[in-house]
Amino acid sequence: MRKRTKKLIAYMLVVWMVCQLFGIDTITSFAVELSEGADVILEENATDDYVYVSGGMKTLTINAGVTLTGNVDFSQATETSDNTLVNNGTITGNVYTGESTGVINNNGVISGSVTIKRMNQVVNKGVIGTVNMQGGDLEVYGGTVNMLNDEMGCYVVLSNCTVGTLSTVGDVVLEGDVQSTSVTAQSLQSDGNTTLQVSDYLGVASELENITTKVSENTILDATLGTGYVVQCDGKEYVIDEGKKGSIIDLFAKKVLVATPDSPHFSMSGYLADSYYLPGITIRTITLNAEEGYYFPESYCSEIQCDGKGTLKATRVSETEVSISYTLSDEEEKDVTISVGDASIKPKEPGKGTITVSDVHYGVDIEVILASDTNTTEDALLEYKEKDAPNSEYRKERPTAVGAYTVRATFKENEHYTSCSATADYNITYLPIQGDAFTIKGDKGENGYFISKVEIIPKKGYSIARKLDGNYKDSIVLTSSRDLEKVYFMKNKTGEKTDGKKISPIKIDITNPIISAQHGQIYYTEELTVDIKDSNLMQVKCNNVEVTVDDGAAQVILESNHGANIYNLYAKDKAGNNRQIRITVADEWLKTGIIPANRLVRLSQYTAYQLDGGTWKVAGDNTQYRGGQKIYVRSGGEYTFTKE
């Protein structure tokens, strides 16, 4: 790499000096000269052109994974030079050979073109875009050449490889398995055990000896360049005569036509009028199906005619179906025509039909199945009646209520069969439901009551409603006691419905008793009446003393007793719902705390009270009290204050 760098620097200086002397702009890209003994190994990507310029032996090696975007040029090397290119990576440029002895060993990819001249040899195991032969040799072993052009008749060997388009005026030696899109050559030679697969075009000027040449039905085979040859298609050999050109289909296939009467009374399937068939191939079966009211007589098949040299097979499968097949002979000279006669009309016969129906549960429509080999079923008339009712009771309306019924189908008469009818009995019943049909979900209180909303939930796979054909839901929610004697169920998957299922009465009380007083409130009055109500009221206490309950109501009268009294009220209903409050009933004067004159009052110890201005005395006590300031009593009790 150091030698290469020094040469590049020297080369650039020379070019720069020339440009300065002659007024030429400096060149911005350079070629790397490969001189005698200067073997180069390219270990990293490069954009230079590599040029062989002197005698001796030189080798340029491009390592795997390395990309050269420049060209490789042998054309300037002297005739006595012996040069080699070994490509294990990728060359995106072109490779040019000259008069020197050159060897190209390609194990990688040359996406550009390779031009080969006299005394040059290319051994390809990789991929080459285009090879232009202007002399030299080409050997391709297992690789791919997208296009090979040879206008000089050079020596070419193709071995176990793929060549996209091969065009040569010379001879090509084939070895192993070779695949190509298009081949044009003077001759193809092989020592044997060679297979050539051509997909689009094959044109050679000589016989294909010791080569198994495989083509498709659409490969263009050209024998106008010289003698004829033999190819294989789908395992069968075809001789392409000299002067012929076309595909296997063009040269050998024949049409198989079916001639029918005008407006035939049968339909034909399995037949393609524009299809071509190769000799030895049996066309797929042609089926004739007689129209309704027509049939094929027993002598029908024996009267079918064919102008071909192959084998015709006709089978009367039934009186309304005939099967025909034909195998083309190798000696067919023209398209083959098979002539068939028309189907014959049948006499009218009694129609036959059946009706099938099964029992169903309420909520599901019955399924009526009609069958007839003689009459149509789509337009049959369906009528219904109760099972034991006279035939005059048949109606078109389909019953939906629970009961036993008969359904009658009347098949219409047609051109060949008379009308007929059939009947079937069936029952509509309620869907039975096994096990526990539902569960009840809610918070339980006392005495059989629920103290929350109650949810009636059907068993898995069912919906519930309050009435038959009502609004079926996932559950029924009750918020209070009510008369709900029956519930109805529907199977979600099918729509089948049950009769009403009785349920026991459900007692619900989700409200607490109502007390007319408010918890924590102080009521300033000498007497307070408190009402307690609840439809299921069972117990009332005032300061743990039972209060009489009458018809869901109770009443207590609370007194202040000349001062302030605290009352605890408790109410409970039959379901266990309860309410407890604490209130105070106090004389009106306690709002301000100013003791009134000449009135019995009840005072509490350690509580501050006030008297109006002046001097005051307490009955039974000679102590004088000054008004306008806070006073306290030594012990709680009842007092009467008098102003002096």
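Computation of the quantities below employed the complete heavy-atom set of this structure, encompassing side-chain atoms and omitting hydrogens, waters and symmetry-equivalent molecules.
- Note: L196 CG to L208 CG = 7.5 Å, rounded to the nearest 0.5 Å.
- For the pair C301/R316, a side-chain contact is recorded, criterion being any heavy-atom separation below 4.5 Å from C-beta on.
- When side chains are defined from C-beta on, N124 counts as touching V145, because their heavy atoms get closer than 4.5 Å.
- Residue pairs meeting the salt bridge (Lys or Arg N to Asp or Glu O under 4.0 Å) criterion with at least one partner in residues 335-347, sequence neighbours excluded, are E319-K346.
- For Q189 and E209, the side-chain atoms include no donor-acceptor pair closer than 3.5 Å.
- Atom CD of E413 has more than 12 heavy atoms from other residues, nucleotides or ligands within 6.0 Å.
- One finds the CG atom of L221 at 5.0 Å from the CD1 atom of I248 (value rounded to the nearest 0.5 Å).
- Closest approach of L225 and G203 over heavy atoms only: CD1-C, 3.5 Å.
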Practice task
Given side chain to side chain contact (heavy atoms under 4.5 Å, CB included), test T165 with N146 step by step and report yes or no.
Solution key: CA-CA 6 Å; T165 300; N146 295 333; over 6 Å; no
Exercise for the section: Decide yes or no on side chain to side chain contact (heavy atoms under 4.5 Å, CB included) for L312 and I338, but give the supporting numbers first. Expected result: CA-CA 9 Å; L312 173 69; I338 301 172; 4.0 Å; yes
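- Considering only heavy atoms from C-beta on, F411 stays 4.5 Å or farther from T376 through its side chain.
- Annotation: side chain of N210 is not in contact with side chain of T194 (no heavy-atom distance under 4.5 Å).
- The side-chain heavy atoms of L257 and V336, taken from C-beta on, include no pair separated by under 4.5 Å.
- Dense packing is recorded around CG of D365, with more than 12 heavy atoms of other residues, nucleotides or ligands lying under 6.0 Å away.
- Nearest heavy atom pair, residue S199 against residue T219, reads O-OG1, 2.9 Å.
- Between E383 and K396, none of the side-chain N atoms (NZ, or NE/NH1/NH2) sits under 4.0 Å from a carboxylate O, so this pair counts as no salt bridge.
- More than 12 non-hydrogen atoms from other residues, nucleotides or ligands lie less than 6.0 angstrom from CG of D359.
- Atom CG of D150 sits about 12.0 Å away from atom OG1 of T184, to the nearest 0.5 Å.
- Judged by distance alone, the side chains of N83 and K58 do bring a donor and an acceptor atom under 3.5 Å apart.
- Judged by distance alone, with hydrogens and angles left aside, the side-chain atoms of T59 form no donor-acceptor pair with the main-chain N or O of D39 at under 3.5 Å.
- A 4.5 Å side-chain heavy-atom check between E237 and V239 finds every atom pair outside the cut-off.
- Other residues, nucleotides and ligands contribute at most 12 non-hydrogen atoms within 6.0 Å of the NZ atom of K313.
- Checking T494 against E496 by side-chain atom types alone, a donor-acceptor pair falls below 3.5 Å.
- At distances below 3.5 Å, at least one donor-acceptor pair connects side-chain atoms of N414 with backbone N or O atoms of T374.
- T406 and D425 are linked by a side-chain donor-acceptor pair at a separation below 3.5 angstrom, with hydrogens and angles left out of the test.
- Side chain of D241 to backbone of K244: no donor-acceptor contact under 3.5 angstrom is found.
- Side chains of N63 and N88: a donor-acceptor N/O pair is absent below 3.5 angstrom, by distance only.
- Atoms OG1 and CD1, on T285 and I324 in that order, are 10.0 Å from each other to the nearest 0.5 Å.
- Counting heavy atoms from C-beta on, the side chains of V340 and F296 never come closer than 4.5 Å.
- Side-chain atoms of S339 do not come within 3.5 Å of backbone N or O of A259 as any donor-acceptor pair.
- Judged by distance alone, with hydrogens and angles left aside, the side-chain atoms of T315 form no donor-acceptor pair with the main-chain N or O of V317 at under 3.5 Å.
- The side-chain heavy atoms of K117 and M133, taken from C-beta on, include no pair separated by under 4.5 Å.
- Inspection of the N218 and S247 side chains reveals no N or O donor paired with an N or O acceptor under 3.5 Å.
- The side-chain hydrogen bond (donor to acceptor under 3.5 Å, both in side chains) check on T224 picks up D222, with sequence neighbours excluded.
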Side chains of residues 64-75: which donor-acceptor partners sit under 3.5 Å, not counting sequence neighbours?
{"unit_1": "T69", "atom_1": "OG1", "unit_2": "A46", "atom_2": "O", "d": "3.3"}
{"unit_1": "N71", "atom_1": "OD1", "unit_2": "N94", "atom_2": "N", "d": "2.8"}
{"unit_1": "D73", "atom_1": "OD1", "unit_2": "S75", "atom_2": "N", "d": "2.7"}
{"unit_1": "D73", "atom_1": "OD1", "unit_2": "S75", "atom_2": "OG", "d": "2.4"}
{"unit_1": "D73", "atom_1": "OD2", "unit_2": "S75", "atom_2": "OG", "d": "3.1"}

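- When all heavy atoms of L251 and K245 are compared, the pair lying nearest together is CD2-O, 3.9 Å.
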Tabulate below the donor-acceptor pairs under 3.5 Å that side-chain atoms of residues 154-162 make, not counting sequence neighbours, or state none.
{"unit_1": "S159", "atom_1": "OG", "unit_2": "E175", "atom_2": "OE1", "d": "3.4"}
{"unit_1": "N160", "atom_1": "OD1", "unit_2": "D177", "atom_2": "N", "d": "2.8"}

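- Legend: side chain to side chain donor-acceptor pair (under 3.5 Å) pairs involving residues 293-302, not counting sequence neighbours, sorted by first then second residue: H265-Y294.
- The two atoms that bring S358 and I366 nearest to each other are O-CG2, 4.3 Å, heavy atoms only.
- Taking the ring pair (Phe, Tyr, Trp, His ring centres under 6.0 Å) definition, one finds that Y405 meets it with Y426, sequence neighbours left out.
- In terms of heavy-atom proximity, E242 sits nearest to G226 at CG-O, 2.8 Å.
- Side-chain N or O atoms of Y50 include none that pairs as donor or acceptor with a backbone N or O of L60 at under 3.5 Å.
- The main-chain N or O of K309 is found under 3.5 Å from a side-chain atom of E332 such that the two form a donor-acceptor pair.
- Nearest heavy-atom pair across A185 and V172 is CB-CG2, 4.4 Å.
- Not one N or O on the side chain of T423 forms a donor-acceptor pair closer than 3.5 Å with the backbone of V407.
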